[in-house]
Amino acid sequence: MPDNFSGMANTIEQPDEQLGFLLMQASLLKLRLINSALKKVDLTYIQFVILAGILELSQTEDFVTQQTISARRRLDKAMVSNVVKTLISKSLIYKETHVNDHRAFVLKITPAGEAKAEEGKRIAKSIDDIFFAGTDHDTLRRTLKQLLIQESIDGTDR
């Protein structure tokens, strides 16, 4: 063990009190709650995130591609690809060939997809309101954004 860690064993909190563990547990709990609530509209949370992302980004971007969704929502490219296939099979989105790059596809949302995305937003907001009640939202938001800066510092690639 490196020298800068010697003597720290006595100061490390119990495993179930460590920040990383608590953050993971809170994330998993939130994921279970949102997935359960989104069953009403036949979506998983990741399907909702991508569907809502396509809807929102299409309002400001000329072309929304899988790469756009992956980069903007900090999602793994392969996972986005798999979820896009699922959303297409549910007739919530469709692909068109990109006018400037024939190797790429533009993702478009169907009216049914738009309706599900909007309902999903209402559900997600309701869950967030309950889940984060009693927390200082601004402080938590700043803290989480600060943690996510590490991704750009350490060069982690999705």
Side-chain angles (χ1 to χ4, degrees), residues 1-61 64-93 107 109 112-158:
M1 194 178 299
D3 287 339
N4 59 341
F5 287 103
S6 60
M8 287 185 65
N10 293 334
T11 62
I12 294 178
E13 300 163 352
Q14 294 297 320
D16 61 349
E17 291 294 319
Q18 292 180 353
L19 292 176
F21 179 79
L22 292 171
L23 180 61
M24 179 189 69
Q25 290 296 303
S27 295
L28 291 173
L29 173 59
K30 171 75 168 40
L31 186 60
R32 284 192 304 271
L33 293 171
I34 192 74
N35 274 326
S36 177
L38 285 170
K39 282 182 182 179
K40 296 173 193 166
V41 290
D42 189 34
L43 291 174
T44 64
Y45 185 57
I46 193 63
Q47 290 169 358
F48 163 70
V49 166
I50 292 172
L51 186 64
I54 294 167
L55 177 63
E56 292 166 8
L57 291 172
S58 66
Q59 296 168 0
T60 58
E61 306 274 332
V64 178
T65 64
Q66 288 181 195
Q67 176 62 34
T68 307
I69 294 294
S70 177
R72 293 288 190 82
R73 295 297 185 247
R74 298 171 173 246
L75 299 170
D76 177 75
K77 293 173 189 175
M79 180 179 52
V80 171
S81 178
N82 287 334
V83 173
V84 162
K85 290 175 188 173
T86 300
L87 294 173
I88 289 170
S89 74
K90 291 182 173 191
S91 299
L92 301 176
I93 65 170
L107 303 175
I109 195 161
E114 188 170 339
K116 281 206 188 220
E118 292 296 341
E119 180 62 19
K121 284 186 200 180
R122 285 188 285 281
I123 292 169
K125 182 178 182 337
S126 172
I127 294 296
D128 279 1
D129 289 347
I130 295 165
F131 190 79
F132 294 111
T135 64
D136 180 339
H137 294 197
D138 292 333
T139 300
L140 181 57
R141 186 176 292 108
R142 279 193 306 274
T143 300
L144 294 172
K145 284 183 172 184
Q146 182 64 36
L147 292 172
L148 290 171
I149 288 173
Q150 281 303 120
E151 182 180 45
S152 60
I153 293 171
D154 70 14
T156 303
D157 186 28
R158 292 169 306 283

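Heavy-atom basis, side chains included; hydrogens, waters and symmetry copies ignored.
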(request) Rounded to the nearest 0.5 Å, what's the gap from CD1 on I46 to CG on L38? Could you check? (result) 11.5 Å
(request) For residues A112 and S91, report the shortest heavy-atom separation together with the two atoms involved. (result) CB-O, 4.3 Å
(request) Would you give the length of the straight line joining atom CG of L107 to atom CD1 of I54, rounded to the nearest 0.5 angstrom? (result) 4.5 Å
(request) Could you tell me the separation between the CG atom of L87 and the CD1 atom of I93, rounded to the nearest 0.5 Å? (result) 4.5 Å
(request) Classify the side-chain pair Q47/K116 by whether it contains a donor and acceptor separated by less than 3.5 Å. (result) no
(message) Would you compute the distance between atom NZ of K85 and atom OG of S89 and round it to the nearest 0.5 angstrom?
(response) 11.0 Å
(message) So which atom in F48 and which in A124 form the shortest heavy-atom distance, rounded to 0.1 Å?
(response) CE2-CB, 3.8 Å
(message) Is there a side-chain contact between R72 and E56 in this structure, where contact means two heavy atoms from C-beta onward sitting under 4.5 Å apart?
(response) no
(request) Go through the side-chain N and O atoms of T68 and T65 and say whether any donor and acceptor fall under 3.5 Å apart. (result) yes
(request) Find the distance between CG (L51) and CD1 (I69) and round it off to the nearest 0.5 Å. (result) 9.5 Å
(message) Between L23 and L144, is there a side-chain heavy-atom distance shorter than 4.5 Å?
(response) yes
(request) For residues F131 and L29, determine if any side-chain heavy atom of one lies less than 4.5 Å from a side-chain heavy atom of the other. (result) yes
(request) Just jot down the side chain to side chain donor-acceptor pair (under 3.5 Å) partners of T139, sequence neighbours excluded, or say none. (result) D136, R142
(message) Any non-hydrogen side-chain atom of L43 less than 4.5 Å from a side-chain atom of L92?
(response) yes
(message) Walk me through whether D128 and K125 qualify under salt bridge (Lys or Arg N to Asp or Glu O under 4.0 Å).
(response) CA-CA 5 Å; D128 279 1; K125 182 178 182 337; over 6 Å; no
(message) Given 3.5 Å as the limit, does a donor-acceptor pair link the side chain of S58 with the main chain of L55, or not?
(response) yes
(request) Identify whether NZ of Lys or CZ of Arg in K30 sits under 6.0 Å from the centre of the six-membered ring of F132 and within 45° of that ring's axis. (result) no
(request) Spell out, as yes or no, whether a donor-acceptor pair under 3.5 Å connects the side chain of S70 to the backbone of L75. (result) yes
(request) Kindly compute the distance separating NZ (K90) from CD1 (I88), expressed to the nearest 0.5 Å. (result) 13.0 Å
(message) Quick check: do D16 and Q25 have side-chain heavy atoms less than 4.5 Å from each other?
(response) no
(request) Would you indicate whether the side-chain heavy atoms of S27 and L31 approach each other to under 4.5 Å? (result) no
(message) Taking the side chain as everything from C-beta on, heavy atoms only, tell me whether R32 gets closer than 4.5 Å to L28.
(response) yes
